Amino acid sequence: MTMRSFPETSSPKCRLAILAIAVLVQVHIGAGYLFAQNSRIALGPQDAKTEPITRQETLRGSVTPEREWWDVLHYHLQVEFLPESRRLKGSNTITFKALKPGNKMQIDLQPPLAITRITHGDAKLKSQQELKFEREGNVYWVMFEKDIPKGTEDQIEIFYEGVPVVSRNPPWVGGITWGRDDLGDPFIVTTCQGIGASIWWPNKDHGSDEPDRGMQISVTVPENLVAVSNGRLKKTDHDVASKTKTFHWEVLNPINNYGVNVNIGNYINLTDKYQGKGGVLDIEYWVLPHQKEAALRQFKEVPRMLAAFEHWFGKYPFYEDGYKLVTVQYPGMEHQSSVTYGNWFRNGYWARDPCQCGVGLKFDFIIVHESAHEWFGNNISMKDAADMWVHEGFANYAENLFVEYHFGKKDAEDYVVGTRRGIRNDRPIIGTYGSNREGSGDMYPKGGNMLHTIRHIINDDAKWLSILRGLSADFWHQTVTTEQIESYISNKAGTDLSKVFDQYLRTTKIPLLRYSVNGKSVSFYYDRVVKGFAMPLRVSLNGKEIQITPNEVKQTFEFSEEIKTFEVNRNFYIEAAKEL
Ligand SMILES: [Zn+2]
């Protein structure tokens with residue numbers, strides 16, 4: 001397919017690999033002009049915020065007392081998309097459990113959408129009451145008549161409607177895209193990573209709480225359109241009188257809020273099956289009719305992706321919900337069990353090579369990167385947006401693991417080392433806790449290179465593979481903190497990597513190995529490192545590799561012959577400078 005399939009998408013922009021693109025621009029100034037413009041726009045949400053954290057950010061990004069006392073068990077979102085008036089109208093039924101007594105609940109919904117009514121209790125039991133609520137910006141305070149006792153399982157239904165925010169730049173800027181495909185049919189999509197799911201539906205908008213029993217998503221659209229969401233399509237209702245159809249989708253597993261999505265268009269459905277580590281995985285491709293041939297050709301990448309990632313990370317985490325690719329007019333997003341795809345049915349990332357080494361054109365970047373998030377992002381999800389490297393660092397790293405599985409180690413190393421050109425070291429990878437402020441976009445290539453470096457510190461492929469598989473299995477369907485991931489890797493590796501994590505995640509400094517050669521001896525020490533940093537390293541002397549463990553104090557190594565060349569193994573992400 002060509003760009004004409006997506007008339008509203010006139011230029012490439014992607015949250016994912018935008019840093020690599022930004023570098024491309026500098027190299028190919030003419031051709032990259034549009035990239036340059038859009039990379040600036042796209043980087044917008046990731047730009048450093050230096051102003052003080054606002055109360056609204058605290059409410060959005062922290063576990064407030066009004067969030068802490070209750071645990072989401074299930075969401076049932078029912079929402080009608082009204083393309084003519086560009087409105088949404090619907091409700092969300094939240095089933096929750098009181099972890100301790102509480103009578104005031106925080107529900108998030110961002111203007112201009114508004115809550116119109118909230119009921120408490122089960123309608124079928126005729127025990128429903130209307131609840132009082134008041135708004136404070138993006139937050140609603142919902143008041144119960146009396147304390148909900150600890151341990152109680154209860155239900156509220158929140159009715160809402162309005163004209164939602166329109167996305168100016170999906171997927172980086174959240175909201176609704178009321179688009180059209182190239183045949184003129186409506187092509188409507190939701191995106192909300194970063195800004196939050198409360199940009200289009202009311203919920204508890206914090207990463208730490210996912211609905212333990214999953215979610216139902218019932219989407220009503222004009223009868224000539226198809227609505228595709230997460231999980232499996234259970235049934236479709238056709239209301240002839242109102243000329244609408246309602247598509248009922250069901251997700252059985254916990255799901256992060258921003259992973260919930262709805263895509264509406266003139267979709268057709270192609271199906272496939274994959275015999276994997278968890279049995280038979282049902283695969284669906286939802287594409288526009290004219291994309292069918294290209295999709296059947298390009299989506300052969302999907303079983304290759306599954307083979308690689310089930311090898312490295314263990315079984316696909318959502319067999320019950322199936323795996324889907326759904327075409328959209330933006331590059332892609334890791335919507336759980338419903339990965340969205342807009343990569344032109346071509347290899348690379350919008351036909352560009354993130355590493356600029358040729359390897360990036362050997363695979364479909366969006367299928368590989370976004371699907372890697374099924375393991376890191378959707379299976380293992382961050383509690384706090386400050387720890388987003390757990391999603392993006394691993395997804396970036398997974399690209400090179402895919403390459404290693406299918407093309408071998410040399411290509412994989414070329415790729416991961418090549419993506420370093422996108423690292424800016426502008427600010428730390430870890431963001432600001434409790435405020436929904438992400439860290440640097442370096443979380444992608446620098447996060448990936450940190451993991452690659454750690455693999456080479458451990459220097460034991462079997463052990464590394466067991467750590468990767470162990471992460472997926474031991475944090476199965478959980479939300480985590482970076483500390484949990486860091487200490488898990490250190491423990492399983494049998495070596496304290498805390499200084500390595502501190503260096504790469506919490507500073508912008510790249511270790512500098514200063515060395516000097518004198519006859520048969522070489523002296524070396526680390527500069528620009530956190531206190532106590534003593535990362536083992538492999539270097540080649542006259543082409544013969546040895547291991548050294550530099551620290552901040554100068555050490556001298558005596559070699560068996562006069563040293564003519566000194567080279568650091570490229571898999572370690574450091575810099576080296578020769579001193580005279
Ligand atoms: Zn990603």
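First listed ligand is number 1; within each ligand, the first listed atom is number 1. Here the structure is a predicted model, which is why all the values come from computation and not from measurement.
Between the Zn ion (ligand 1) and the N, O or S atoms of His373, the shortest distance is to NE2.
Identified under the salt bridge (Lys or Arg N to Asp or Glu O under 4.0 Å) test for residues 274-285, with sequence neighbours left out: Arg232-Asp282, Lys273-Asp282.
For a distance bound of 2.8 Å, the N, O or S atoms of His369 include one lying that close to the Zn ion (ligand 1). Coordination check, Glu392 versus the Zn ion (ligand 1): passed, since an N/O/S atom of the residue sits under 2.8 Å.
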Salt bridge (charged side-chain N to carboxylate O under 4.0 Å, His left out) between Lys410 and Asp414, worked out: CA-CA 6 Å; Lys410 164 142 189 337; Asp414 285 351; 2.7 Å; yes

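Listed by chain and residue number, nothing satisfies the ring pair (Phe, Tyr, Trp, His ring centres under 6.0 Å) test with Trp200 (two or more places apart in sequence, or in another chain).
Within a 6.0 Å radius of NZ in Lys362, more than 12 heavy atoms belonging to other residues, nucleotides or ligands are found.
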